[in-house]
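We're numbering straight along the sequence, starting at 1.
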Amino acid sequence: MRAQIAQHDYHYYVLDEPLIPDAEYDRLMRELRALEEAHPELITPDSPTQRVSGTPGASFGEVVHKVPMLSLDNAFTEEDLQAFDRRIHERLGVAGELDYVAEPKFDGAGGDGDLP
């Protein structure tokens with residue numbers, strides 16, 4: 001499973017040619033995390049669960065944002081969205097309501113992938 005995820009990382013981050021949709025990749029990562037949680041002795045330092053995935057291609061420059069770009073981090077349920085809202089309020093130190101902006105995510109760095 002780790003080799004399969006590594007192949008997908010390479011195609012997504014380096015070649016900008018994803019082989020599977022993000023939802024399928026997320027399913028593979030959840031399955032690997034569940035296996036490692038059930039069997040901690042199988043966790044290794046090179047596991048995709050223990051590192052940041054992929055290295056972007058050389059054509060990408062570094063961008064420093066004045067305000068952190070925060071992500072929903074695979075929110076699939078109402079509870080996931082509420083947890084995200086709590087984390088944002090805590091991180092920003094804001095007590096009141098916040099306005100959010102949501103935009104479609106394009107698969108692959110070139111922006112020519114599938115849309116939701």
Side-chain angles (χ1 to χ4, degrees):
M1 182 177 294
R2 290 177 183 159
Q4 184 180 14
I5 291 171
Q7 176 189 28
H8 290 302
D9 286 346
Y10 178 75
H11 278 267
Y12 185 90
Y13 291 104
V14 177
L15 300 180
D16 188 22
E17 295 175 358
L19 298 176
I20 59 175
D22 285 358
E24 177 64 15
Y25 180 88
D26 293 342
R27 186 196 62 75
L28 287 170
M29 286 295 289
R30 283 192 306 275
E31 186 177 339
L32 180 57
R33 280 191 190 96
L35 284 170
E36 290 180 349
E37 285 175 16
H39 303 281
E41 70 277 8
L42 299 177
I43 299 173
T44 61
D46 65 335
S47 173
T49 64
Q50 303 301 304
R51 59 176 169 72
V52 175
S53 295
T55 302
S59 63
F60 293 98
E62 184 175 331
V63 175
V64 178
H65 297 276
K66 293 178 182 177
V67 177
M69 300 294 294
L70 305 174
S71 172
L72 285 172
D73 193 27
N74 298 325
F76 296 106
T77 67
E78 180 73 25
E79 292 79 23
D80 293 341
L81 291 172
Q82 291 170 352
F84 171 78
D85 184 62
R86 276 191 305 277
R87 288 191 309 271
I88 297 304
H89 276 82
E90 290 169 5
R91 183 163 182 182
L92 297 177
V94 174
E97 286 192 25
L98 293 172
D99 292 323
Y100 292 96
V101 174
E103 298 177 354
K105 181 194 178 291
F106 294 91
D107 281 346
D112 57 354
D114 48 80
L115 290 171

**Asked** Do Arg30 and Glu37 sit within salt-bridge range, that is, some charged N less than 4.0 Å from a carboxylate O?
**Response** no

**Prompt:** Quick one: side-chain contact (heavy atoms from CB on, under 4.5 Å) partners of Glu79, sequence neighbours excluded?
**Reply:** Thr77

**Prompt:** Between Tyr100 and Phe84, how do the two ring planes meet: parallel, tilted or perpendicular, split at 30° and 60°?
**Reply:** tilted

**Asked** For Gly96, does its backbone N or O pair with a side-chain atom of His89 as donor and acceptor, under 3.5 Å?
**Response** yes

**Verdict with supporting geometry, Ile88 and Leu98, side chain to side chain contact (heavy atoms under 4.5 Å, CB included)** = CA-CA 9 Å; Ile88 297 304; Leu98 293 172; 3.6 Å; yes

**Item:** Contact summary for Gln50 and Pro45, nearest pair of heavy atoms
**Value:** CB-O, 3.8 Å

**Message:** With heavy-atom distances below 4.5 Å as the criterion, would you say the side chains of Ile5 and Leu32 are in contact?
**Reply:** yes

**Request:** Please report the shortest heavy-atom distance between Arg2 and Thr44, naming the atom on each side.
**Result:** NH1-OG1, 3.0 Å

**Message:** Less than 4.0 angstrom from a charged side-chain N to a carboxylate O is my criterion; do Glu90 and Arg87 meet it?
**Reply:** no

**Asked** Within a strict 4.5 Å, meaning less than it, do heavy atoms of the Ile20 and Leu28 side chains meet?
**Response** yes

**Request:** Any chance you could measure Ser47, atom OG, to Met29, atom CE, to the nearest 0.5 Å?
**Result:** 7.0 Å

**Asked** With respect to Leu19, which candidate in His8, Gln4, Glu24 satisfies the side chain to side chain contact (heavy atoms under 4.5 Å, CB included) definition?
**Response** His8

**Prompt:** Charged N to carboxylate O below 4.0 Å: is that the case for Glu31 and Arg27?
**Reply:** yes

